[in-house]
Amino acid sequence: MTTAGRPRGGTSPLRARLYAWARTLHLYLSLVAFLSILFFAVTGLTLNHPEWFGEGKVGKLSGTLPHAPYLEGESVDWLALAEDLRALGLRGRVADRGQSGDQAWLSFRAPGYGADAQVDLKTGAYTLTLTEAGLVAALNDLHKGRDTPSGWRWVLDLSALFLALVSLTGLLLSLLFRKTRKAALLTLLSGLLLFGGLALWAAL
C-alpha cells in the first residue's frame, strides 16, 4: 500500500528513516526560517527600488563641546571626543576618524543613519551633519550587513545556512517521494537553466 506523502511500501528501512528525518527537519527548519525568508524577500524588493522611499532627512548642528581641549601633546584623546559627541545624541559606531592640525573629524554609522562631525580640538567648536534615512533604509542596511555590529553578521550567516538547509531538505523530500521525483528533477533543471540564463544575461 502507498501512503500519501511517503515513499512506497517495500522501501528499505534506511530510506524510510532518511525520508522521515528529512521531513521532520524540513518542517521545523521551515518554521524557524519563515521570518528570515520574509525579511530578505521584502528588503530585497526595497533594495531594488530605493527611489520609492526618498533620500531621508539631512540636518546640520553646531555648538561647542564641554571638555576641550582634546589634544594631549600632539595626540588626540579620541575616546573623550567620541563620548562627548555621543552625549549630543549621536549613535552608531565610529566608522572613520582623522586629524589635520587642530581639526578632527569623526563619522558615526548605524543602519539607516549617519553623523559626520568636524571638531576644533582646542576650542571644542563642532559642526555636525546628520543623515537619517528612515526605517526602510535601516532595514536595507540590515539586509546587507552594512554599518552593523559583528553579532548581526552572525545572524546573517546563520540565516543563510538555515535557508540553504531548508532548500536542501525540501529537495531531498521531493527526490525520495517517487510520485514527485520526476517533476522535482524537471523543475530543478528548468529553474537552473532559467536562473543561469538570466544571470548570464545580466552579467553581460
Exercise. Could you list the residues that satisfy side-chain hydrogen bond (donor to acceptor under 3.5 Å, both in side chains) with T46, not counting sequence neighbours?
Key: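 Expected list: N140.
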
Measuring only between side-chain heavy atoms, which start at C-beta, is [X] closer than 4.5 Å to [Y]?
X	Y	result
I37	L163	yes
L88	L65	yes
R153	T148	yes
H143	L139	no
Y126	D120	no

Minimum-distance pair of heavy atoms, taken over all atoms of [X] and [Y]:
X	Y	result
D141	A110	OD2-O, 4.3 Å
L81	V119	CD1-CG1, 3.9 Å
G124	A68	N-CB, 3.5 Å
F108	R91	CB-O, 3.4 Å

Between [X] and [Y], is there a shared hydrophobic cluster once you connect ILVMFWY residues whose side-chain heavy atoms come closer than 4.5 Å?
X	Y	result
L188	L168	no
L161	L142	no
L38	L47	no
L71	W78	yes
W154	L165	no

So how far is it from [X] [atom1] to [Y] [atom2], rounded to the nearest 0.5 Å?
X	Y	atom1	atom2	value
K57	Y113	NZ	OH	13.5 Å
L128	L85	CG	CG	6.5 Å
L90	L130	CG	CG	6.5 Å
T187	K182	OG1	NZ	12.5 Å

Quiz item: Looking only at atom types and distance, does a side-chain atom of Q99 sit under 3.5 Å from a main-chain N or O of G101, one as donor and one as acceptor?
Solution: yes

Quiz prompt | R146 side chain vs G112 backbone, donor-acceptor pair below 3.5 Å | solution = no

Exercise. Please determine, by modelled atom types, if D84 and Y70 share a side-chain donor-acceptor pair under 3.5 angstrom.
Key: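 Checked: D84/Y70 side chains pair up, N/O donor to acceptor below 3.5 Å.
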
Quiz item: Is R109 salt-bridged to D116, cutoff N-O under 4.0 Å?
Solution: yes

Quiz item: Between F40 and L156, does a side chain to side chain contact (heavy atoms under 4.5 Å, CB included) hold up when you go through it step by step?
Solution: CA-CA 10 Å; F40 287 109; L156 293 180; 3.5 Å; yes

